[in-house]
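Every value quoted in this text rests on a predicted model; they were computed, and no experiment measured them.
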Amino acid sequence: MNGAWSVDRRSFLLRLAGLGVVLAAPPGGRLAGEVLSGRDTDQELLPTRPIPGTGERLPIVGFGSSASVLAIPDEGTGPIVNVLRILLEHGGLVVDTSVRTEAIDREFGRVLSDAEFRNRLFVTAKVNTEDAAEGIAQFRQTQRLFGRRTLDLVQIESLRGLRDHWPRLREWKDSGEARYIGVTVSNDANHGPLEAFMRTESPDFVHVNYSVVENAAEERLLPLARDRGMAVLTNRPFMNGAWFGLVAGRALPGWTAEFDCESWAQFSVKYVLSNPAVTCALTETTNPDHMAENVRSGFGRLPDDAARTRMRELVRSF
């Protein structure tokens with residue numbers, strides 16, 4: 001079948017979402033969200049959050065593939081396959097992609113088209129160019145190499161060519177080639193233009209840089225997205241790896257156990273997830289053990305407002 005999920009797959013997952021149960025939060029924090037039940041497995045599944053205005057829900061931790069895909073020429077597709085298996089094992093679905101060279105995306109497309117993954121993932125795509133015609137060509141290349149007429153989400157990367165591309169994205173949604181449409185930013189300099197766009201247009205998704213260090217999005221963008229009914233994906237929880245240099249050699253404070261935090265990676269991801277406007281936090285790695293660690297950020301308690309303040313103060317002291 002060409003397309004993202006099969007209709008039967010989507011219907012099945014929506015029925016599962018309807019069986020979600022809200023658990024009372026233990027002292028020290030709030031739970032990550034609703035846990036899906038009714039599935040014949042002992043594996044705990046990631047909590048989910050709704051795409052506003054729809055009956056569809058997404059697991060709260062996903063896979064950002066940009067750097068991982070660029071490593072394919074040197075490392076092959078094996079690392080990505082292993083990471084995707086970990087994601088699916090825990091009920092994860094979201095795989096965020098960016099257009100790359102045809103040779104690289106052909107290999108990545110073979111992974112996404114494999115029977116093990118096909119119709120089981122929520123796959124996003126992007127256009128990333130100032131040129132209108134080239135944007136169309138990028139989208140057609142993604143459709144062809146990923147073997148999908150319909151992409152779950154198509155985004156304008158870094159607002160490039162926004163004026164030309166946005167009408168085209170609306171056309172692709174109307175034609176059924178994009179289930180959802182949106183825009184992305186990955187640095188604070190683009191927050192102002194993004195806010196202006198959000199106030200005049202109605203993207204289904206906005207995709208922003210957000211972490212315990214880069215937290216400017218929580219001042220205006222995330223509240224605005226929630227008020228206007230936009231789903232939110234987040235990128236750069238580890239600031240392209242700089243986070244781990246910042247915390248290298250530092251002991252994780254004991255008080256992080258209050259929100260079930262086991263590592264510095266989870267410290268940042270749990271901070272992101274504790275903002276209720278966030279639909280899904282994208283994490284990026286080619287290491288399946290690291291992916292499992294990232295996924296575990298979505299389970300258990302999340303920091304409350306007092307803990308979030310304490311987390312920011314701690315990071316500012318580094």
Side-chain angles (χ1 to χ4, degrees), residues 32 46 58-72 74-75 79-80 82-84 86-87 90 92-98 100 124 126 155 157-158 184-191 206-218 221-222 232-253 256 259-275 277-300 302-303 307-308 310-318:
L46 278 164
L58 292 180
I60 60 176
V61 178
F63 175 51
S65 68
S66 296
S68 303
V69 168
L70 288 175
I72 286 176
D74 296 323
E75 299 182 8
I80 289 179
N82 291 333
V83 164
L84 290 178
I86 293 294
L87 186 69
H90 293 85
L93 298 173
V94 181
V95 177
D96 185 64
T97 79
S98 298
R100 300 301 177 191
T124 83
K126 299 187 183 80
Q155 305 162 96
E157 187 165 357
S158 299
T184 86
V185 299
S186 58
N187 62 73
D188 293 359
N190 274 333
H191 285 194
V206 292
H207 181 165
V208 302
N209 56 302
Y210 183 45
S211 71
V212 66
V213 177
E214 295 180 348
N215 51 45
E218 65 192 25
L221 295 181
L222 297 185
V232 176
L233 301 180
T234 64
N235 59 60
R236 288 178 56 86
F238 311 131
M239 303 183 299
N240 291 348
W243 167 249
F244 298 109
L246 184 65
V247 300
R250 300 180 186 274
L252 190 68
T256 61
F259 47 89
D260 302 315
C261 180
E262 302 170 336
S263 68
W264 283 115
Q266 292 181 9
F267 185 98
S268 186
V269 178
K270 279 181 172 285
Y271 182 88
V272 172
L273 293 175
S274 65
N275 190 306
V278 172
T279 309
C280 177
L282 301 172
T283 67
E284 189 161 358
T285 181
T286 56
N287 185 316
D289 291 335
H290 292 167
M291 189 70 227
E293 180 182 9
N294 297 340
V295 165
R296 287 197 300 273
S297 304
F299 296 104
L302 294 174
R308 285 169 54 84
R310 196 174 186 183
M311 294 166 82
R312 291 192 298 270
E313 291 174 348
L314 175 67
V315 170
R316 283 196 294 266
S317 73
F318 290 169

In terms of heavy-atom contacts, Val83 and Pro288 come closest through CG2-N, 4.1 Å

Please step through side-chain contact (heavy atoms from CB on, under 4.5 Å) for the pair Val208 and Leu222, ending with a clear verdict.
CA-CA 9 Å; Val208 302; Leu222 297 185; 4.2 Å; yes

On a heavy-atom basis, the closest approach of Leu87 and Val94 is CD2-O, 3.8 Å

Distance (rounded to the nearest 0.5 Å) between Thr283 OG1 and Phe63 CZ
8.0 Å

For Thr285 against Ser68, the heavy-atom pair lying closest together:
O-OG, 3.3 Å

Result block: side-chain N/O donor-acceptor pairs under 3.5 angstrom for residues 265-273, not counting sequence neighbours:
from, atom 1, to, atom 2, distance (Å)
Gln266, OE1, Glu262, N, 3.0
Gln266, NE2, Glu262, OE1, 3.4
Gln266, NE2, Glu293, O, 3.1
Ser268, OG, Pro237, O, 2.6
Lys270, NZ, Phe259, O, 3.2
Lys270, NZ, Ser297, O, 3.3
Lys270, NZ, Phe299, O, 3.0
Lys270, NZ, Arg301, O, 2.7
Tyr271, OH, Glu218, OE1, 3.0
Tyr271, OH, Glu218, OE2, 3.1
Tyr271, OH, Arg308, NH2, 3.4
Tyr271, OH, Arg312, NH1, 2.8

Would you name the heavy atoms of Ala281 and Val278 that are closest together and state the gap between them?
N-CG1, 4.2 Å

What is the minimum heavy-atom distance between Ser98 and Lys126, and which atoms define it?
OG-NZ, 3.1 Å

Return all side-chain donor-acceptor pairs below 3.5 angstrom for residues 242-252, not counting sequence neighbours, or 'none' if the list is empty.
from, atom 1, to, atom 2, distance (Å)
Trp243, NE1, Trp264, O, 3.0
Arg250, NE, Leu246, O, 3.1

Can Asp96 and Gln155 be said to form a side-chain contact (heavy atoms from CB on, under 4.5 Å), step by step?
CA-CA 10 Å; Asp96 185 64; Gln155 305 162 96; 3.1 Å; yes

Could you give the distance from OH (Tyr210) to CG (Leu221), rounded to the nearest 0.5 Å?
11.0 Å

Short N-O contact, Arg296 and Asp260, less than 4.0 angstrom
no

Hey, mind stepping through Phe318 and Val213 against side-chain contact (heavy atoms from CB on, under 4.5 Å) and telling me if it holds?
CA-CA 11 Å; Phe318 290 169; Val213 177; over 6 Å; no

Test side-chain contact (heavy atoms from CB on, under 4.5 Å) on Thr97 and Val69; report intermediate values, then the result.
CA-CA 9 Å; Thr97 79; Val69 168; over 6 Å; no

Output for pair (Ile86 CD1, Met291 CE), nearest 0.5 Å, gives 9.0 Å

Return the CG to CG distance between Asp289 and Asn294, rounded to the nearest 0.5 Å.
11.0 Å

Partners of Asn235 by side-chain hydrogen bond (donor to acceptor under 3.5 Å, both in side chains), sequence neighbours excluded?
His207

For Pro79, does its backbone N or O pair with a side-chain atom of Asn82 as donor and acceptor, under 3.5 Å?
no

Where is the tightest heavy-atom contact between Ser186 and Arg236, given as atom of each residue plus distance?
O-CD, 3.3 Å

Out of curiosity, His290 NE2 to Ser263 OG, how far, rounded to the nearest 0.5 Å?
9.0 Å

Check: Asn209/Asp188 side-chain N/O donor and acceptor closer than 3.5 Å
yes

Distance, nearest 0.5 Å, that separates OG1 of Thr124 from CG of Leu282
7.5 Å

